[in-house]
Amino acid sequence: DAGVTQSPTHLIKTRGQQVTLRCSPKSGHDTVSWYQQALGQGPQFIFQYYEEEERQRGNFPDRFSGHQFPNYSSELNVNALLLGDSALYLCASSSGRGARTEAFFGQGTRLTVV
Amino acid sequence: AQSVTQLDSQVPVFEEAPVELRCNYSSSVSVYLFWYVQYPNQGLQLLLKYLSGSTLVKGINGFEAEFNKSQTSFHLRKPSVHISDTAEYFCAVSDVRDDKIIFGKGTRLHILP
């Protein structure tokens, strides 16, 4: 079992550009959550996808959007990048909705905005 | 809304000594509580979780935590640490009706030889 896989592992973008990050959930999982972890901080919830719909959203602007595909994989899109968007972006997958079920995290994508 | 406070940003401890990492949460509703560990350049791994029932929760790698509702605390303990325990530890909380998990800022555990 490959676990949760994220791509790419690192990338560098320029302010104002757009970026797409990808996540494949652990086998058997149907729910994907995205988190932003700034340097020296804990992860912050961006949103969760279940049954191809955004089910819950954290306190992030509309520049952050996502998608879930029929195979449960997911993308995180960030438009009009700001320097403050530089962070580690973590994807977590779980089976079903709710925090009761264990979330498995990928190793993250390190985004640097210059 | 829930919030989590990890009272120590860094904790140095000698190898084979006991350790306690402190966590307090605030919530007006029933919650689930978690401890996650993050090794350098890795994602997060669940150490243990409290959902209901016994307030003493045992996790992986010899860690345990105690849920104290009156003090709104969920401190993490290990009786004897090893150099391999060097990592960042995150306490987290979730409303039982919710999907999102709220994380604290983390505590870096330094194991001294």
Side-chain angles (χ1 to χ4, degrees), chain A residues 2-7 9-10 21 23-26 29-51 53-60 66 68 87-110, chain B residues 1-10 21-27 29-53 57 59-60 74 76 87-109:
Chain A
V4 179
T5 58
Q6 293 186 243
S7 63
T9 54
H10 298 81
L21 311 182
C23 173
S24 292
K26 183 178 168 65
H29 286 182
D30 55 8
T31 302
V32 173
S33 302
W34 286 92
Y35 290 81
Q36 181 195 66
Q37 186 178 14
L39 201 60
Q41 301 293 316
Q44 286 197 328
F45 178 81
I46 304 174
F47 42 52
Q48 184 181 87
Y49 277 84
Y50 174 71
E51 293 186 340
E53 289 190 13
E54 183 183 294
R55 293 294 178 168
Q56 191 169 12
R57 187 179 185 91
N59 189 24
F60 279 80
Q68 185 178 37
L88 180 68
Y89 288 84
L90 294 165
C91 169
S93 74
S94 56
S95 180
R97 293 187 60 189
R100 184 182 184 93
T101 59
E102 181 175 348
F104 289 78
F105 284 79
Q107 291 193 334
T109 294
R110 173 77 60 189
Chain B
Q2 296 82 43
S3 67
V4 177
T5 302
Q6 293 186 242
L7 297 159
D8 305 293
S9 59
Q10 294 189 70
L21 305 184
R22 298 180 293 166
C23 172
N24 286 94
Y25 71 93
S26 121
S27 176
V29 297
S30 296
V31 296
Y32 299 138
L33 293 159
F34 310 85
W35 275 98
Y36 282 85
V37 60
Q38 187 174 35
Y39 298 103
N41 301 314
Q42 305 255 339
L44 294 152
Q45 181 182 9
L46 181 67
L47 273 179
L48 48 79
K49 61 183 176 183
Y50 171 79
L51 302 180
S52 64
V57 180
I60 61 172
F74 191 55
L76 181 71
E88 188 96 21
Y89 291 80
F90 293 94
C91 181
V93 64
S94 176
D95 180 334
V96 299
R97 304 161 300 176
D98 222 348
D99 297 319
K100 67 178 182 289
I101 300 173
I102 308 297
F103 287 86
K105 291 188 176 182
T107 297
R108 186 168 296 276
L109 181 60

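So that the names make sense, note that chain A is the first sequence line, chain B the second, and so on, each numbered from 1. From a predicted model like this one, the values you see are computed outputs, not experimental measurements.
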[atom2] on [Y] to [atom1] on [X], rounded to 0.5 Å:
| X | Y | atom1 | atom2 | answer |
| --- | --- | --- | --- | --- |
| A/E102 | B/L51 | CD | CG | 10.5 Å |
| A/Q37 | B/F103 | CD | CZ | 8.5 Å |
| B/L46 | A/F104 | CG | CZ | 8.0 Å |
| A/R110 | B/N41 | CZ | CG | 7.5 Å |

Heavy-atom closest pair (A/Q107 atom, B/Q42 atom, distance to 0.1 Å) is NE2-OE1, 3.6 Å
Residue pair B/G43 / A/L90: nearest heavy atoms and the distance that separates them: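 Scanning both residues completely, I find the closest heavy atoms to be CA-CD2, 4.3 Å.
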Neighbour count >12 (heavy atoms, 6.0 Å) for atom CD1, B/I60: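 Yes, the 6.0 Å shell around CD1 holds more than 12 heavy atoms from other groups.
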Counting only heavy atoms not in A/Q44, do more than 12 sit closer than 6.0 Å to its CD atom?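 Open.
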So which part of [X] gets closer than 4.5 Å to some heavy atom of chain B, the side chain, the backbone, both or neither?
| X | value |
| --- | --- |
| A/Y35 | side chain |
| A/A92 | neither |
| A/L88 | side chain |

What part of B/K49 gets within 4.5 angstrom of chain A, counting heavy atoms only: side chain, backbone, both, or neither?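 Interface part for B/K49: side chain.
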Of all of B/Q38, B/Q45, B/E88, B/R97, which one pairs up most often with chain A through heavy atoms under 4.5 Å apart? B/Q38
Is any side-chain heavy atom of B/D99 closer than 4.5 Å to a side-chain heavy atom of A/Y50?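 B/D99 does not reach A/Y50 side chain to side chain.
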